[in-house]
Amino acid sequence: MKQRLTRQRMDMVGPFHPYLVFAGIILFDVLLIGALAMAVVVTGDKVEDVVAPGGPEWVTL
């Protein structure tokens, strides 16, 4: 079986160009970091509501 290479001499990842796969992985990582950060913010907001009910909101969602 002949090995398929791109013009940059990189191995193909299945039917996809390696740059497309790298971009997908980076996008997934950014979305994951955003989801984790949002979870921290939501948890902080809920804790703030328990610690200081009423009063001004520190985090507005």
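Bear in mind that the values here come from a model prediction, so they are computed numbers and not experimental data.
With sequence neighbours excluded, the residues satisfying side chain to side chain contact (heavy atoms under 4.5 Å, CB included) with Tyr19 are Gln8, Met10, His17, Phe22.
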Please tabulate, for the side chains in residues 24-31, all donor-acceptor contacts under 3.5 angstrom to protein atoms that are two or more places apart in sequence or on a different chain.
none

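Pro18 approaches Asp11 most closely through the heavy-atom pair CG-O, 3.0 Å.
When side chains are defined from C-beta on, Met12 counts as touching Thr6, because their heavy atoms get closer than 4.5 Å.
A distance-only check finds no donor-acceptor pair linking the side chain of Arg4 to the backbone of Val13 [under 3.5 Å].
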